[in-house]
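Before any comments, here is the structure.
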Amino acid sequence: MFDRRRVIGAGAVLAAAIGTGAVLAQQHRSSPAVGLQAASAPTRQAAFAAAGKRYKVPVSVLLGVSYLESRWDANEGLPSTSGGYGPMHLTQVAAAPGVRAEQGDGDDPAASAAPTAAAAPDEQTIPVAARLTGIDAGRLRTDPAANIQGGAALLAKYQRDAGGPLAADPARWYAAVTRYGGSGWFADQVFSVIRSGESRTTDDGQQVTLTADPKAVPAGAATRTAASAAAATDCPASLKCEWIPAPYKQLDPKDPSKFGNHDVADRPAKQKIDYIVIHDTESSYASAVKSVKDPAYLGWHFTIRSKDGHVAQHVRVKDVGRHAGNWYINSKSIGVEHEGYVAKGTWYTEAMYRASATLVRHLAATYGVPLDRGHILGHDNVPARVMDTVSQMHQDPGPYWDWAHYFSLLGKPLKGSASLHGRVMILPSYAENKVTYTGCDAAHPSAKCPAHGGASIMLRTKPSSTAPLVKDIGAHPSTGGKATTSVYDHSARASTGQTYAVAEKKGSWVAIWYLGQKAWFYNSTSKRRAVAAPGLVATPKTSSAKIWGMAYPEEFPAGVTPPSDKKAAPLKYTFAKGQKYAVIGSETGEYFHSVTYDPAKHIVVTGPQKYYEIQFGHRAYFVKAEDVTVSTVS
């Protein structure tokens with residue numbers, strides 16, 4: 001859920017607390033204290049062993065906590081989207097009074113601005129770790145071995161504070177792990193990882209292994225329950241979600257059309273749920289939760305906290321939230337917000353990924369939502385309903401959301417063969433895919449963002465790394481569609497898991513059909529960015545096919561006329577004969593008519609018109625089935 005224009009305050013506060021991207025990048029390059037690859041630096045595995053021995057913390061506990069925070073990655077000394085650093089996610093971010101979440105755009109205008117949240121920040125662990133270890137804050141942020149020492153010292157402190165011994169048995173450290181992460185769910189996940197074991201190569205090439213310990217079962221952990229009203233939520237029992245309701249309230253007693261901040265519905269009985277939309281909050285968790293409780297603001301279904309993966313539900317899944325900027329997608333989707341920012345920080349915590357995947361996997365199974373990138377959408381993949389709102393559509397969760405890892409957690413890993421033919425899936429190596437973005441520093445928008453892995457690739461007009469980026473006339477109407485390298489600009493990008501039809505190949509360069517043009521990317525054996533993805537493609541039956549941002553019915557019954565700004569209108573993009581686009585879903589016409597506070601007057605209008613959902617650009621769009629021919633390609 002992102003609008004850069006309305007969160008400058010958030011960016012300024014976080015930048016002031018952790019340093020802007022440009023400054024952090026320069027510090028990382030020049031500081032001798034960083035030493036991420038210094039010859040004298042211990043291996044990551046040895047660093048965990050040394051820290052555990054020094055502070056008398058079981059190494060398995062240290063490894064388990066770190067895995068749930070960062071999967072043992074160094075992230076080049078750069079902060080997470082919630083201001084945590086290093087393998088142990090040590091935090092240093094100031095309170096953010098006056099930070100505002102985004103305002104709605106597209107079909108989701110809010111009656112009021114988001115409330116401000118001046119809540120005190122959580123305990124800042126870098127200053128505490130510095131006192132405990134004698135290591136300065138700079139090294140704790142940027143040196144992985146020092147960071148691990150700081151995390152071990154904190155765990156030992158939390159164990160003593162809880163009255164527990166510095167025991168060799170990991171099962172006796174549940175209270176300390178709970179405090180470190182912030183919730184029992186976090187601790188349960190840590191001990192689940194300890195019992196199952198893990199092994200992986202980190203982002204900086206370190207091989208780390210946590211040997212399975214099936215006996216690491218804290219006493220009573222399986223029977224612990226949350227104090228919240230978990231029965232009122234639509235979550236799986238394992239998440240123990242908190243119910244923090246978004247109010248359904250009439251805002252003007254004299255006008256039944258003015259109400260907020262969501263719409264009472266009867267899903268899936270009267271409307272099938274087809275999409276789950278992944279957002280980031282562009283604010284702190286506290287600010288997002290405060291915003292959703294304002295009836296004049298927007299409403300979404302779930303918010304997930306960064307530090308521990310805690311989940312709050314605000315709107316029942318049966319009801320329609322206002323979150324995606326497209327009324328059709330709203331009425332057919334579930335909105336999940338994740339604490340974080342597109343550009344203020346470069347990575348999301350493993351605890352949040354796991355909680356989100358647990359939630360989304362449950363929701364998809366319950367409501368029959370396919371686990372693919374045509375139905376698990378980023379907010380940045382949601383189509384504009386009409387051409388005038390394309391430039392207003394949002395960009396979260398951004399290029400640093402690791403879609404490949406997320407789908408592995410969903411139980412649907414993204415994969416395919418290296419031999420590309422008629423249809424491809426974008427699948428770069430996240431850690432190695434370092435695209436040069438700009439716009440992370442609000443004071444210097446043309447400055448380069450810190451180098452970090454990501455899930456998106458850039459698309460060019462010709463098979464050359466110096467060729468201009470492809471154009472998006474909707475996103476950039478004032479410049480003839482000219483795209484930029486801004487981290488906030490997805491108009492010339494393809495993202496992990498998205499599928500496209502191949503237009504042409506030249507050596508290691510591949511062109512895909514994208515917004516009515518050929519879009520080129522480099523795809524060599526050593527630098528793979530895509531894999532084969534056999535499936536359906538659509539091409540026009542006549543000279544061209546119209547592009548739609550929704551799948552509305554052709555006709556409406558008497559008394560049910562959509563507002564003038566919601567009438568069906570094709571977008572001014574070109575889908576010409578000979579071009580092909582990957583089919584990623586299908587829909588029949590539907591419109592949720594809910595223009596009054598009284599739910600008894602809410603009506604679902606359906607029709608026989610069939611649409612195909614296609615991957616037309618970075619966003620998904622629709623074409624009428626009668627206008628295209630669909631075929632299978634390898």
Side-chain angles (χ1 to χ4, degrees), residues 1 3 6 100-117 228-229 231-234 241-271 273 277 279 281 283 286-303 312-337 385 389 392 550 552 556-567 590-605:
M1 178 178 280
D3 185 336
R6 293 181 170 93
R100 290 164 55 168
E102 59 131 21
Q103 277 280 92
D105 282 324
D107 291 342
D108 299 332
S112 71
T116 59
S228 59
T233 73
D234 298 295
C241 294
E242 182 178 7
W243 176 243
I244 303 177
Y248 185 71
K249 182 178 180 181
Q250 188 165 349
L251 302 177
D252 184 344
K254 298 179 180 179
D255 187 349
S257 69
K258 296 185 183 301
F259 63 94
N261 58 13
H262 60 281
D263 295 75
V264 172
D266 188 13
R267 306 187 308 176
K270 293 184 178 179
Q271 296 169 272
I273 297 170
V277 181
H279 302 259
T281 58
S283 73
S287 181
V289 168
K290 187 172 183 180
S291 297
V292 82
K293 291 191 289 186
D294 180 357
Y297 192 57
L298 307 178
W300 52 92
H301 295 88
F302 301 92
T303 305
Q313 182 170 359
H314 315 294
V315 176
R316 294 306 300 260
V317 169
K318 77 176 189 67
D319 297 327
V320 172
R322 301 174 189 171
H323 60 92
N326 179 316
W327 182 243
Y328 175 77
I329 299 295
N330 279 349
S331 66
K332 304 285 289 180
S333 72
I334 301 167
V336 184
E337 293 277 358
R385 187 190 41 76
T389 62
Q392 300 175 21
M550 68 287 184
Y552 281 173
F556 293 84
V560 182
T561 303
S564 59
D565 68 335
K566 293 183 180 179
K567 287 182 179 178
E590 184 177 297
Y591 173 70
F592 181 43
H593 183 72
S594 60
V595 297
T596 178
Y597 177 68
D598 183 1
K601 296 180 180 179
H602 295 178
I603 301 170
V604 178
V605 181

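These numbers come from the heavy atoms of this one structure, side chains and all, not from hydrogens, waters or symmetry mates.
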For this session: Give me the ring orientation class for Tyr552 and Phe556: parallel if the planes are under 30° apart, tilted from 30 to 60°, perpendicular past 60°.
Result: perpendicular
Problem set entry | Minimum heavy-atom distance between Ser283 and Ala288, given as atom pair plus value | OG-N, 3.5 Å
Exercise. In Å and rounded to the nearest 0.5 Å, what is the CD to CE distance from Glu590 to Met550?
Worked result: 13.5 Å
Exercise. Does the pair Ile329 and Arg385 meet the rule for a side chain to side chain contact (heavy atoms under 4.5 Å, CB included), with working shown?
Worked result: CA-CA 9 Å; Ile329 299 295; Arg385 187 190 41 76; over 6 Å; no
Problem set entry | Residues that Tyr597 engages under ring-ring contact (aromatic ring centres under 6.0 Å, His included), provided they are two or more places apart | Tyr248
For this session: Return yes if some donor-acceptor pair links the side-chain N/O of Gln313 with the main-chain N/O of Val315 below 3.5 Å, else return no.
Result: yes
Exercise. Counting only N and O atoms by type, is there a donor-acceptor contact under 3.5 Å from the side chain of Asp266 to the main-chain atoms of Ala269?
Worked result: no
Problem set entry | Results of side chain to side chain donor-acceptor pair (under 3.5 Å) for Asp252 - residues two or more places apart only | none
Problem set entry | Exam field: side chain His301 to backbone Asp319, donor-acceptor pair closer than 3.5 Å | yes
Less than 3.5 Å apart, which donor and acceptor atoms pair up between the side chains of residues 257-265 and the rest of the protein, not counting sequence neighbours?
from: Ser257; atom 1: OG; to: Asp255; atom 2: OD1; distance (Å): 2.6
from: Ser257; atom 1: OG; to: Asp255; atom 2: OD2; distance (Å): 3.3
from: Asn261; atom 1: ND2; to: Val292; atom 2: O; distance (Å): 2.8
from: Asn261; atom 1: ND2; to: Asp294; atom 2: O; distance (Å): 3.2
from: Asn261; atom 1: ND2; to: Leu298; atom 2: O; distance (Å): 3.1
from: Asp263; atom 1: OD1; to: Arg322; atom 2: NE; distance (Å): 2.9
from: Asp263; atom 1: OD1; to: Arg322; atom 2: NH2; distance (Å): 3.3
from: Asp263; atom 1: OD2; to: Ser594; atom 2: OG; distance (Å): 2.9

Problem set entry | Reported CD1-to-NZ distance for the pair Ile244 and Lys290, which is rounded to 0.5 angstrom | 13.5 Å
Exercise. Can you check whether Ser331's main-chain N or O pairs, donor with acceptor, with Arg267's side chain at less than 3.5 Å?
Worked result: yes
Problem set entry | Whether His323 side chain and Ile334 backbone form a donor-acceptor pair below 3.5 Å | no
Exercise. Is there a side-chain contact between Phe302 and His279 (heavy atoms, below 4.5 Å)?
Worked result: no
For this session: State, yes or no, whether a side-chain contact exists between Pro557 and Val605 at a heavy-atom distance under 4.5 Å.
Result: yes
Problem set entry | Parallel, tilted or perpendicular, as decided by the 30° and 60° cut-offs, for the rings of Phe592 and His602 | perpendicular
